[in-house]
Structure formats: structure tokens, C-alpha cells
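Input: a single structure, listed below in C-alpha cells.
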Amino acid sequence: MKTLYYIPILFLANICFAQDPYEIIENVSSERIEKDIQKLVSFGTRHTMSETESDSRGIGAARRWIKSEFEKISESCGGCYEVSMQRTLEKGNAKTRITKDTEIVNVLAIKRGKKYPNRYIIMAGDIDSRVSDALNYTDDSPGANDNASGMAGVIEAARVLAKYDFESSILLVGLSGEEQGLYGGKHLAAKAVEEGWDIVGVLNNDMIGNIKGVDGVIDNRTFRIFSEPTNPTDTDFQQRMRRYYGGEVDGISRQLARYVYTMTKTYMPEMNPMMIYRLDRFGRGGHHRPFCDAGFAGIRIMEAHENYTQQHQDIREEDGIKYGDVIEHVNFDYAEKLTAVNAISLAALASAPPEPQNVAISGAVQPSTTLYWDAIDDDNLAGYKVYFRETTSPTWDNFYQVDADVTEFTLKGIVIDNYFFGVSAVGKNGNESLVVFPGEVKR
């Protein structure tokens, strides 16, 4: 292969895509999100072990309503979504939070990709709720913010994206059993592995509606993107090699977080995304974790300032403090913004070519650095971006753009010791894949 030496002007990394991002943002409705949260709250409790036969109370009624909403959306676009329920029986065990035989039911809506139907970009929210006692499945548990807000965001994203076609599939899903042990996510991740799904990434939305923190801070612009630094499925060899070649903050989930961050800063500059360098909050967990455990990229998108008096609490008043996750605490305009963040990220990734494979690097004790990758067979491919950033930078700040027939590129004068590097694929429609960090060193 010939080595190319390009010294173009450096640009700030940006992402664009064929579907007008501003149109998508504009079409997300806080009024519809509010209506959906009200409906989810109206079921009284959505505890995983709660009532399933009633049409008006309990998780059974809630999941059937979610399925009916997905079906209505699909009807509006001529059957563009495949709507289904994934059912798995968990046997009761007194040592767990599932103390009786319980059916864990996820509700799925798939908009099948035109070119890559087995390639998925997933937006998830949780159906279930809880009060102070995780085993109390009878008392009212509105779960307005945790997590009717995230579930309503998923439904609204399905509405807004229904009018578009994508190269890859998008999956909008309500997951059950989160509060009892991340069961819904475990079951869907297992299904993905068994059926050989190619999952680009999972955007888990858990609490996207509160702007007033327990610390007194009120902030309707900032939100957090949690991502773990490396892949838990990496081998011992891969972990050892990071000591010599880097990659300690460049796992697939971190690249997904950077993508959402860049989409937000590019198209919603009024928002303030915070990349949090950890899997989840301190000692806590969410439904992206089972996907990460299975080897897929997964991040958590949520509010920046939590209010613990409104999470996992019995509805009551003590010492002048009103406890409980009730709808009065949800800011619907904020939930609209975070839903839009998801929608434009889903659309961009689903319209992009697949990311480059077998990305390798060389340049030890050399004045330049060379990246290598396999050619992508895609008639939408316009070319690639070869990124580099300072080792202390959280984002991909600089890139060289090369043509579609190039699979080897030398960054002349860029010393390998001083930067981190990656490669992405760019479509003719302007959509860009995730950045891939080199996984092999060539000598």
C-alpha cells in the first residue's frame, strides 16, 4: 500500500448527517412527554412484582400501554416499527429482590435498517419503579422521574424518528426489572448475544427530568454522560498492552460518550453535557451495565443534579421535607432537551457507515505516525477521518480527512508518543461512525 503524506488545515471535529438535526430537535415535544409521564404515573405502581392483570394499575398495565403506544406510532408510519414483548420468567428467590416467580417483560420497537438490518443503535428507558423498600410492590410508587421520564423520552424519540429511514436499525426499548437487579437489560443483552446482533451502542436514559438537586443547585442545561473507560470483556493480554500503548480511556463505551457529547455541542450548544469517567454513579448501577458486561458499548444519560429525597422514597412529609418521586418535580422542557440529544445521536449513528475494522498503528521512535484499517465495502462511504488528540484531552479535537480508497495514512510530524489516535468512517450523506482506537501495533 502506498503511504500518503497530507498536511491539511486542522479543523474542530464535528458531526453532521442527512436528516436535518434541527428539524429532529424541533419536533421533540415537551407536551407529549408530559402526557406520557402522567399516564405512566397513573398506574399507581410499576414495581416489577406488582399487579399484572389489572388494566389500570401495576406494571402489567404499564407495559401493555407502552406496547400500544409503539403500535400507534408504527401505524402512523405504515408499520415501520416491529413491536414486540420479550418475556422471561425469573424464579423467586428470598436472597434476591425477586422474591416470587415473576415475568420480566421488555417492550421493543425496532425500525429496521435498510442496509444493515442486524446492526442496532439502542435507546432504552426503564418501565419499573419502587419506593423505600425495594420489595414493597403494593404501595403507590409513581416513579415520575425515575424512570417515567426516561421511558417517556424513548416513546417520544420513536414518534420523532418514525418519518425517517436509516441504514442501520434503531431499537427503542422499555426495560423491566431494573430496580430489582437489572434483569431486563441482562435478558435483552443475552438475546443480542444469542442472536448475533451487531450493537453499535446503547443509550440508557435513567432520570432525565429533574433540574433541582438536593444540593440546592437548579440547572436546566447540564446533563451527565456516564461511560466506563475500557471494555470489561478485554483479555488479560489487552489489559497488559495498555500499559505500553495506551487506551486506558478509549474503550468502546467512552467513544460512544464522546459521540453524544460532540452531537450535543454541535447541534444543541445551549446544553452542557458532562462526560463522567465512570460506569455509573458511585456504587450504583443502571441498565447499560448488562450490555457493557456482554461486550457492547453502553452509556447512561441523565440529569446532572439528583434529588435523593425524590428517589426510592415512600410518599410522605418529614421535618418539612416532601419525599417521593411525584410528577410535580419533573421539568418537562428539560426532559425534552435530553430526548432530543438521544434522537439526533440515534439518527446520526443509524445513518453512518460501519466503523473501520482492524485499526492498527505504527510510529515508535519515528517522526511520524501511521494508521491502518480495513477497507469498508459500502457505496455510501465518502472517506475516513484520522483523528488525533492530546493525551489529556477528553475529546477528539483534530483530524485529517482522506478518500474512500485510502486504508493507510501517515500523519507527518505527529509523534506517536505525544497523542492518542483513532479512525472513523464518513458517509456521502455526511454521517460519521464512532471513532475506533487502534487495537494493533505494527512494527
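In this chain, residues are counted from 1 in sequence order.
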| said: Any carboxylate oxygen within less than 4.0 angstrom of a Lys/Arg side-chain nitrogen, looking at Glu355 and Arg119? | reply: yes

Considering all heavy atoms, the nearest [X]-[Y] contact:
{"X": "Ile301", "Y": "Ile208", "value": "O-CG2, 3.7 Å"}
{"X": "Ser253", "Y": "Ser227", "value": "O-CB, 3.6 Å"}
{"X": "Leu349", "Y": "Leu434", "value": "CD2-CD2, 3.7 Å"}
{"X": "Ile170", "Y": "Tyr81", "value": "CD1-OH, 4.2 Å"}

| CA sep, side-chain torsions, deciding dist, call: Arg284, Asp206, salt bridge (Lys or Arg N to Asp or Glu O under 4.0 Å) | CA-CA 12 Å; Arg284 305 175 74 181; Asp206 196 344; over 6 Å; no

| note | So ring-ring contact (aromatic ring centres under 6.0 Å, His included) across residues 229-253, not counting sequence neighbours, yields none

| query | Run the salt bridge (Lys or Arg N to Asp or Glu O under 4.0 Å) check on Arg258 and Asp250 step by step: do they pass? | reply | CA-CA 10 Å; Arg258 291 188 177 112; Asp250 277 283; 3.0 Å; yes

Does [X] have any salt bridge (charged side-chain N to carboxylate O under 4.0 Å, His left out) partners at least two apart in sequence or in another chain, and if so, which?
{"X": "Lys337", "answer": "Glu270"}
{"X": "Asp165", "answer": "Lys111"}
{"X": "Arg281", "answer": "Glu306"}

Output all residues satisfying side-chain hydrogen bond (donor to acceptor under 3.5 Å, both in side chains) with [X], sequence neighbours left out; order by chain, then residue number.
{"X": "Tyr120", "answer": "Arg112"}
{"X": "Tyr164", "answer": "Glu23"}
{"X": "Ser74", "answer": "none"}
{"X": "Asn118", "answer": "none"}

| task | Please determine, by modelled atom types, if Tyr183 and Asp128 share a side-chain donor-acceptor pair under 3.5 angstrom. | result |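 No pair is found: no donor N or O on one side chain lies under 3.5 Å from an acceptor on the other.
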
| query | When Phe399 is tested against each of Tyr384, Phe409, Tyr387 for ring-ring contact (aromatic ring centres under 6.0 Å, His included), which residue passes? | reply | Tyr387

| message | Which residues pass the ring-ring contact (aromatic ring centres under 6.0 Å, His included) test with Tyr419, not counting sequence neighbours? | response | Phe388

| message | According to side chain to side chain donor-acceptor pair (under 3.5 Å), does anything in residues 188-197 pair up with another residue at least two apart or in another chain? List the pairs. | response |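 Every pair satisfying side chain to side chain donor-acceptor pair (under 3.5 Å) with a residue in residues 188-197: Lys191-Glu195, Glu195-Trp197.
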
| message | Please determine whether salt bridge (Lys or Arg N to Asp or Glu O under 4.0 Å) holds for the pair Lys67 and Glu71, giving the CA-CA distance in whole Å, both sets of side-chain angles, and the decisive distance to 0.1 Å. | response | CA-CA 6 Å; Lys67 182 173 183 286; Glu71 289 171 339; 2.5 Å; yes

| task | Quick one: which residue pairs count as a salt bridge (charged side-chain N to carboxylate O under 4.0 Å, His left out) with a foot in residues 231-240, not counting sequence neighbours? | result | Asp234-Arg242

| query | With sequence neighbours left out, which residue pairs that include part of residues 148-159 fulfil the salt bridge (charged side-chain N to carboxylate O under 4.0 Å, His left out) condition? | reply | Arg32-Glu156, Asp36-Arg159, Glu69-Arg159, Glu156-Arg159

| said: Below 30° counts as parallel, above 60° as perpendicular, anything between as tilted: where do the rings of Phe420 and Phe437 land? | reply: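 Rings of Phe420 and Phe437: perpendicular, as their planes differ by over 60°.
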
| field | Nearest-0.5 Å distance that lies between atom CZ in Arg289 and atom CG in Asp280 | value |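 So the gap between those two atoms works out to 9.5 Å.
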
